[in-house]
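The next block holds one structure in the form of structure tokens; read it before the comments.
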Amino acid sequence: MSQSRGRRLGAFVFLAPGLTYLLVLLLVPLALVLGTSFFQRGRFGGVVYEFTTENFGRLIDPLYLGVVGDSLRIAALTTLLALLIGYPTAYVIARLPRKWKTAALVAIVLPFWTNFIIRIYAWIMLLNGPGLVNSGLKVFGLGPYELLYNEGAVVVGLLYSYLPLMVLPLYAAIERLDPQLREASANLGASAFTTFRKVTLPLTVPGVLTGSLFVFVPSFGNFVIPEMLGGSKSIMVGNLIRNQFLKARDWPFGSTLALALIAVLVVLLIVQARAARRA
């Protein structure tokens, strides 16, 4: 009896820091956001503590639904492009000699060693009117083009920022594959494409799902990249939430939008978990 109690006490001691972190920095703020969403906006901003559910009714306004739809579309496009670029990259890295794998993986995560804002400013310098891209096109008699402050620039910024989050899970999934499976497929007369389609790809679906989730979630809620690369022409749900808190000072509706964003992400996590189990 004393040994069992001691084990429970030891487990509690080890779990206490993590549980405290979740309670203070996740559950308590989430509860505050949830509570604020049921109150009203004051005449000059802030919160009036009078119960209402009107904030949830405003979510179906076509204006806000359009912003959410645009955010889903941009995040989905970014995820698709990251998958199309990241899968071949991860596949090649996994097939490299062992001495080159570490260098390739370091090159993939190297952008994370630089400040996020500095990397976005670098893209502004590349894509603006007299930037490096237009200067290079001018040599061939092309341009200048409006490459900045549009949806394309937002997708480029999101793709550049989150592509490593697609490559690393895919690399881990491909690296775990037994090479004898591919050899057996080739010995049975399958072509390289057939082997990839029927052996490699199905066995790496969990990595595809994980990488897609890692890219889609931050792309959907991002507001810094749309603000800096998209300007006023690209407003995503993250910008909408930020504006409600800092510009409109409508904290109750901003909290409602934040809860809606969290609900969408929770649904995506559930779908990803179920798809990974089936895979």
Side-chain angles (χ1 to χ4, degrees), residues 15 17-41 45-80 82 116 154-155 157-159 161-162 165-166 169 206 208-227 230 234-277:
L15 290 174
L19 293 176
T20 303
Y21 176 88
L22 290 175
L23 177 64
V24 175
L25 298 181
L26 178 62
L27 297 181
V28 172
L30 185 59
L32 292 174
V33 170
L34 177 61
T36 304
S37 65
F38 288 100
F39 296 124
Q40 300 180 15
R41 177 186 183 273
V47 181
V48 174
Y49 296 100
E50 296 179 4
F51 182 83
T52 181
T53 58
E54 292 180 358
N55 296 314
F56 293 92
R58 293 172 62 186
L59 289 175
I60 61 175
D61 187 295
L63 174 65
Y64 303 127
L65 290 178
V67 173
V68 173
D70 290 341
S71 301
L72 289 171
R73 178 172 50 80
I74 292 174
L77 178 60
T78 302
T79 303
L80 178 61
F116 180 78
V154 174
V155 173
L158 292 172
L159 179 62
S161 299
Y162 301 125
L165 301 181
M166 176 68 77
V208 171
L209 295 173
T210 301
S212 298
L213 189 68
F214 284 175
V215 174
F216 185 91
V217 169
S219 297
F220 182 56
N222 194 287
F223 68 90
V224 176
I225 293 176
E227 181 78 17
S234 298
I235 298 179
M236 296 178 64
V237 66
N239 304 96
L240 184 61
I241 295 173
R242 193 278 310 269
N243 291 341
Q244 294 300 318
F245 278 101
L246 300 183
K247 293 184 178 181
R249 298 193 64 204
D250 192 347
W251 293 6
F253 186 57
S255 300
T256 306
L257 288 170
L259 289 175
L261 176 61
I262 293 172
V264 171
L265 298 182
V266 168
V267 170
L268 291 175
L269 288 171
I270 295 173
V271 171
Q272 186 268 347
R274 291 184 176 180
R277 282 201 299 268

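Since we're looking at a predicted model, the values are computed, not measured.
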Just do the side-chain contact (heavy atoms from CB on, under 4.5 Å) check on V264 and V68 with the steps written out, would you? CA-CA 10 Å; V264 171; V68 173; 5.7 Å; no

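- A distance of 12.5 Å separates CG of L77 from CG of L72, quoted to the nearest 0.5 Å.
- Scanning for side chain to side chain contact (heavy atoms under 4.5 Å, CB included) contacts around A258 gives V33, I241, with sequence neighbours left out.
- Distance check, rounded to the nearest 0.5 Å: CG of L209 to CZ of R274 gives 14.0 Å.
- Residue pairs meeting the side-chain hydrogen bond (donor to acceptor under 3.5 Å, both in side chains) criterion with at least one partner in residues 212-224, sequence neighbours excluded, are Y162-N222.
- Annotation for G57 and I60: closest pair O-CG1, 3.1 Å, computed over non-hydrogen atoms.
- Formation of a donor-acceptor pair under 3.5 Å by the N243 side chain with backbone atoms of L240 is not found in this model.
- The side chain to side chain contact (heavy atoms under 4.5 Å, CB included) test applied to V217 returns L213, L265, not counting sequence neighbours.
- Shown are T210, V208, V215; of these, the side chain to side chain contact (heavy atoms under 4.5 Å, CB included) with M166 is made only by V215.
- Summarising the geometry, atom CD belonging to E227 is positioned 12.5 Å from atom CE belonging to M236; distances are rounded to the nearest 0.5 Å.
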Assess the residue pair L59 and Y64 against the criterion (side-chain contact (heavy atoms from CB on, under 4.5 Å)); give the C-alpha distance rounded to whole Å, side-chain angles, the decisive distance to 0.1 Å, and a yes or no. CA-CA 6 Å; L59 289 175; Y64 303 127; 5.9 Å; no

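- Qualifying ring pair (Phe, Tyr, Trp, His ring centres under 6.0 Å) partners for F51, counting only residues two or more places apart in sequence or in other chains: F38.
- Not one N or O on the side chain of S161 forms a donor-acceptor pair closer than 3.5 Å with the backbone of L158.
- Considering only residues two or more places apart in sequence or on other chains, N55 meets the side chain to side chain donor-acceptor pair (under 3.5 Å) condition with none of them.
- Looking at every heavy atom in both residues, F216 comes nearest to A75 through CE1-CB, 3.5 Å.
- Pairing each heavy atom of V155 with each of I74, the nearest pair is CG2-CG2, 4.1 Å.
- Within the model, atoms CD of Q272 and CG of L268 stand 9.5 Å from one another, a figure rounded to the nearest 0.5 Å.
- With values rounded to the nearest 0.5 angstrom, L159 atom CG is found 9.5 Å from T79 atom OG1.
- From T256, atom OG1 reaches atom CZ of F39 across 11.5 Å, with rounding to the nearest 0.5 Å.
- Closest non-hydrogen pair, L32 versus T36, comes out as O-OG1, 2.7 Å.
- L246 CG: more than 12 foreign heavy atoms inside a 6.0 Å radius.
- The environment of F223 atom CZ is sparse: at most 12 non-hydrogen atoms of other residues, nucleotides or ligands sit within 6.0 angstrom.
- For the pair G157 and I225, the tightest heavy-atom approach, listed with the atom from each and the gap, is O-CD1, 3.7 Å.
- Checked against side chain to side chain contact (heavy atoms under 4.5 Å, CB included), D250 has the following partners two or more places apart in sequence or in another chain: R41, R58, Q244, A248, P252, F253.
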